[in-house]
Amino acid sequence: MLSNKKVFIILLFGLLSFSCSKNKSDADEANKIDYANPEVVLQQAKNILGNDVKFAYKGKFDQDSTIEIAAGVETQKPKEWGIKFVLIKKDKDQFKVAFQTPLLNGSFKQCLVQKIKFPIFDYELIYYNSQDYFLGSGGGEVYSYLINYNEGKTYTAHLVTQPGTNVSLYLSENIDFPEVKNFFLSIFKRDYPSIQIVSKDIELKY
């Protein structure tokens with residue numbers, strides 16, 4: 001009987017050792033993920049958000065020191081279209097959604113999207129510009145955003161051009177840093193020097 005107990009204890013110890021070894025091995029494999037590889041970062045974002053993810057960047061987007069990925073998701077449905085910016089963060093061994101914007105006007109096709117660092121912030125923002133995707137010979141619009149994940153804010157600049165009228169630029173009221181406002185102005189004034197700032201956003205009818 002004592003012999004059987006000894007065998008049981010040895011087997012139990014062996015199973016526990018194997019389990020701990022496996023968990024450690026899994027953790028080691030997770031730590032080996034190459035987050036410097038853009039394709040790996042994109043796949044991590046798709047694992048959480050699905051295949052509608054159009055971009056994903058690893059960076060420092062708030063005050064936390066954990067691994068963070070900023071991603072963009074595009075929705076194209078008959079009655080619902082637009083883009084959404086999401087922040088996913090590593091919590092222990094899993095990524096979880098920490099913040100996401102509402103659905104915004106825009107498309108990730110032919111756009112410019114990148115990380116950007118302002119001296120006034122000790123973290124990065126995401127800059128988006130739809131460029132000429134919504135522009136045509138008869139006018140159109142340009143959507144531009146700066147996503148401040150740390151403060152949960154979306155700074156918006158919306159340019160509208162129509163035949164026979166001045167080119168208009170609307171800047172969202174939540175822009176509380178002159179550096180952000182000046183950034184938008186410098187971007188758009190390069191192509192439209194006589195741009196007119198408007199206090200109310202303009203919605204074009206297509």
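Everything numeric here is computed off the predicted structure, so don't read it as measured data. Side-chain atoms are counted along with the backbone in the values below, which use heavy atoms only and exclude waters and symmetry mates.
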Donor-acceptor check, side chain of Gln131 to backbone of Gln110, threshold 3.5 angstrom: yes or no?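 Yes; judged by distance alone, with no hydrogens or angles, the pair exists.
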Would you say [X] and [Y] make side-chain contact, with heavy atoms under 4.5 Å?
{"X": "Ile147", "Y": "Leu125", "result": "no"}
{"X": "Asn150", "Y": "Phe121", "result": "no"}
{"X": "Val97", "Y": "Leu49", "result": "yes"}
{"X": "Leu185", "Y": "Ile197", "result": "yes"}
{"X": "Phe95", "Y": "Ile69", "result": "yes"}
{"X": "Tyr145", "Y": "Ile83", "result": "yes"}
{"X": "Phe99", "Y": "Asp62", "result": "no"}
{"X": "Ile175", "Y": "Phe184", "result": "yes"}

List the atom of [X], the atom of [Y], and the distance in Å for their closest heavy-atom pair.
{"X": "Ala157", "Y": "Leu169", "result": "CB-CD1, 4.2 Å"}
{"X": "Tyr128", "Y": "Ser107", "result": "OH-O, 2.6 Å"}
{"X": "Gly138", "Y": "Pro163", "result": "O-CD, 3.1 Å"}
{"X": "Lys89", "Y": "Ala98", "result": "CD-CB, 3.3 Å"}

Between Glu68 and Leu87, is the side chain to side chain contact (heavy atoms under 4.5 Å, CB included) condition met? List the steps. CA-CA 7 Å; Glu68 300 177 334; Leu87 179 65; 4.1 Å; yes
If a pair satisfies ring-ring contact (aromatic ring centres under 6.0 Å, His included) and one of its residues is in residues 151-173, list it, with sequence neighbours excluded.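 ring-ring contact (aromatic ring centres under 6.0 Å, His included) check on residues 151-173 returns Tyr143-His158.
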Are more than 12 heavy atoms, taken from residues, nucleotides or ligands other than [X], located less than 6.0 Å from that residue's [atom1] atom?
{"X": "Lys181", "atom1": "NZ", "result": "no"}
{"X": "Gln94", "atom1": "CD", "result": "no"}
{"X": "Lys96", "atom1": "NZ", "result": "no"}
{"X": "Glu203", "atom1": "CD", "result": "no"}

How long is the straight-line distance from [atom2] of [Y] back to [atom1] of [X], given to the nearest 0.5 Å?
{"X": "Lys84", "Y": "Thr154", "atom1": "NZ", "atom2": "OG1", "value": "11.5 Å"}
{"X": "Leu112", "Y": "Asn129", "atom1": "CG", "atom2": "CG", "value": "6.0 Å"}
{"X": "Ile202", "Y": "Thr165", "atom1": "CD1", "atom2": "OG1", "value": "7.5 Å"}
{"X": "Phe188", "Y": "Ser168", "atom1": "CZ", "atom2": "OG", "value": "12.0 Å"}
{"X": "Ile187", "Y": "Asn182", "atom1": "CD1", "atom2": "CG", "value": "11.5 Å"}
{"X": "Ile67", "Y": "Ile88", "atom1": "CD1", "atom2": "CD1", "value": "11.0 Å"}

May I ask whether [X] and [Y] are part of the same hydrophobic cluster, defined by side-chain heavy atoms of I, L, V, M, F, W, Y residues being less than 4.5 angstrom apart, directly or through others?
{"X": "Phe134", "Y": "Val113", "answer": "yes"}
{"X": "Tyr123", "Y": "Tyr35", "answer": "no"}
{"X": "Leu159", "Y": "Leu204", "answer": "no"}
{"X": "Leu146", "Y": "Leu103", "answer": "no"}

Only one of Tyr127, Tyr57, Phe108, Tyr149 forms a ring-ring contact (aromatic ring centres under 6.0 Å, His included) with Phe85, so which one is it?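 Result for ring-ring contact (aromatic ring centres under 6.0 Å, His included) with Phe85: Phe108.
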Reference residue Lys153; test side-chain hydrogen bond (donor to acceptor under 3.5 Å, both in side chains); the match among Asn148, Thr101, Asp176: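 Single pass found, and it is Asp176.
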Tell me, with the steps shown, if Thr66 and Asp91 meet side chain to side chain contact (heavy atoms under 4.5 Å, CB included). CA-CA 8 Å; Thr66 186; Asp91 181 10; over 6 Å; no
Using a distance-only test with no angle check, is there a side-chain donor-acceptor pair under 3.5 angstrom linking Asp52 and Gln76?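 No pair is found: no donor N or O on one side chain lies under 3.5 Å from an acceptor on the other.
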Do the two ring centres, one from Phe118 and one from Phe183, sit under 6.0 Å apart?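 Under 6.0 Å, so yes.
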Stepwise, does the salt bridge (charged side-chain N to carboxylate O under 4.0 Å, His left out) test hold for Glu124 with Lys115? CA-CA 6 Å; Glu124 296 168 297; Lys115 294 189 296 183; 3.8 Å; yes
